[in-house]
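Below is one structure, written out as structure tokens; comments come after it.
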Amino acid sequence: MDQSIKVLQELLRLALWGDEPRDLKDLELSPRQWTLTMNASLKQGVQGLVLDSLERVGETHPPRISLDQFRAMADAQKLVYRQHLKLTDYLRVRFENSDRPFTPIVLKGLSLARLYEKPWLRNLGDIDLYFASPEREKWATDCVESWGTPVGRGKCSESSYVMGGVVVEHHGLLVHPHTIIRSQSRKLQEWIENEMKSPDSTRSISLEGVEIRVLRPDLDLLQLLSHALKHCINEGIGLRQLCDIAVFLHANKDIIDGGKTFETLRIFGLESWARLVFAFLIQWLGLPEGDLPYKVENVKKQNIAALSDEVAKSGDLGFMDERVSKRPRGWKGKAFTARRIFTKAWRFLPYAPREIIAWLPTL
Amino acid sequence: MKKIKEFIKRDIAGETVLVPTGATAQEYNGMMTLEGIGGFVWDHIEEADSLDALVALITNEYEVDAETARKDARRFIQQLIDAGMVVPETPEW
């Protein structure tokens, strides 16, 4: 592993688990190497965690200019974090005081940020609210429109709008099971809707005075892994998404039901993908094995290496994937895209066969 | 002073925010962030029967001189009146 990436790994482990680097000399890099480390952290969407670690170790700072830039970004992230808190609370109060009182369930975003020691250092994008059924999602979207806010409606029971400078998305479906058998897809959706009728399917947590409704851990993990897989086989997956899953497992290790979680992931065809992700989290991010909901074995080293390679190249949600920018024009470009898609499909086929097979015809 | 609109006051990450509810939510699409003593004034505006009484409450709670408190409270209350959120009930206001 390149030394600049090794340092990124050490800094993330320090931020996530408080694991001090074995030797501070390991963090001694040339200015050029530091630039590579800092750029990699930006590409992976984990610059807040890296800043936190560098401020903890103190001695071996990268060139000052980089750190000042990161501090300025962290200040901006804090403003976004506060806006998320206010808007999430605002929307909850509005929906709870409507003609059909309902507390929306927060997916990702703040529900994950709260698990970090300094929640504002996790990049926040949009606010994702889940309404537990397509019918209720439609009602919630109608509500927002009645307030005078323009809303864009998607095809799969989802909608989005901008409020207070933040994109808010409504979801009627927790996951979008990709399967070529329609009846199976319908059955999976019914399974989720039935689970959501149970009073223990959600719980309430508090963050800085804001009450946030979140999913039961096994359902939350289903959503996180499904979302990560979707991004992995489409745009890309970065360390931010993987750090999220790692801190989620760490925070819920005592309350997550291992047997139930395994069964849920199996039903959705995500068990193999989960196994690969869990193995990566242990090997790359240093997640303690005991934090996993169930024991994971038989993951080939080359498959973990393949995921590491994909993560390194695609970065946070694939936004800065250099492979995409190298796409040539004309027919060569089409061949380039086809090769990229089939390489990914082949690489992840053993871990998500149902998803890959259903995904290819949609291209 | 009487509040004539329905707002829920929320304390979020050290900030005070008013969220409209009920019929008020049909008029106001958004939240209002109250700064400084705004949250305290909003909480006590109905129990004080005059500006003097409100200033006394403020100076009891905060380390601020009466003149500054009066100036800030008057400006804030005028904003609330202009926004149609409160109406004076007695001439003392």
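From a predicted model like this one, the values you see are computed outputs, not experimental measurements. We name chains A, B, ... by the order of the sequence lines, and we start the count at 1 in each one.
- Between A:D316 and A:K43 no salt bridge is recorded (no basic side-chain N to carboxylate O distance below 4.0 Å).
- Heavy atoms of other residues, nucleotides or ligands lying less than 6.0 angstrom from CD of B:E35 number 12 at most.
- Residue pairs that meet the side-chain hydrogen bond (donor to acceptor under 3.5 Å, both in side chains) test with at least one member in residues 74-83 of chain A, sequence neighbours left out, are A:Q47-A:Q77, A:Q77-A:N123, A:Y81-A:E208, A:R82-B:E15.
- Looking at A:P134 and A:L173, their side chains come closer than 4.5 Å, going by heavy atoms from C-beta outward.
- In this structure, A:Q69 CD and A:L42 CG are separated by 8.5 Å, a value rounded to the nearest 0.5 Å.
- Heavy atoms closer than 4.5 Å to chain A are found in the side chain of B:I8, but not in its backbone.
- Side-chain contact between A:Y90 and B:R10: absent, with no pair of heavy atoms (C-beta onward) separated by less than 4.5 Å.
- Residues from residues 148-167 of chain A that place a non-hydrogen atom less than 4.5 Å from a non-hydrogen atom of chain B comprise A:G148, A:T149, A:M163, given in numerical order.
- Highest contact tally toward chain B, considering only A:V93, A:D89, A:L207, is held by A:D89 [criterion: heavy-atom pairs under 4.5 Å].
- Ring geometry for A:F131 versus A:F95: interplanar angle over 60°, hence perpendicular rather than tilted (30 to 60°).
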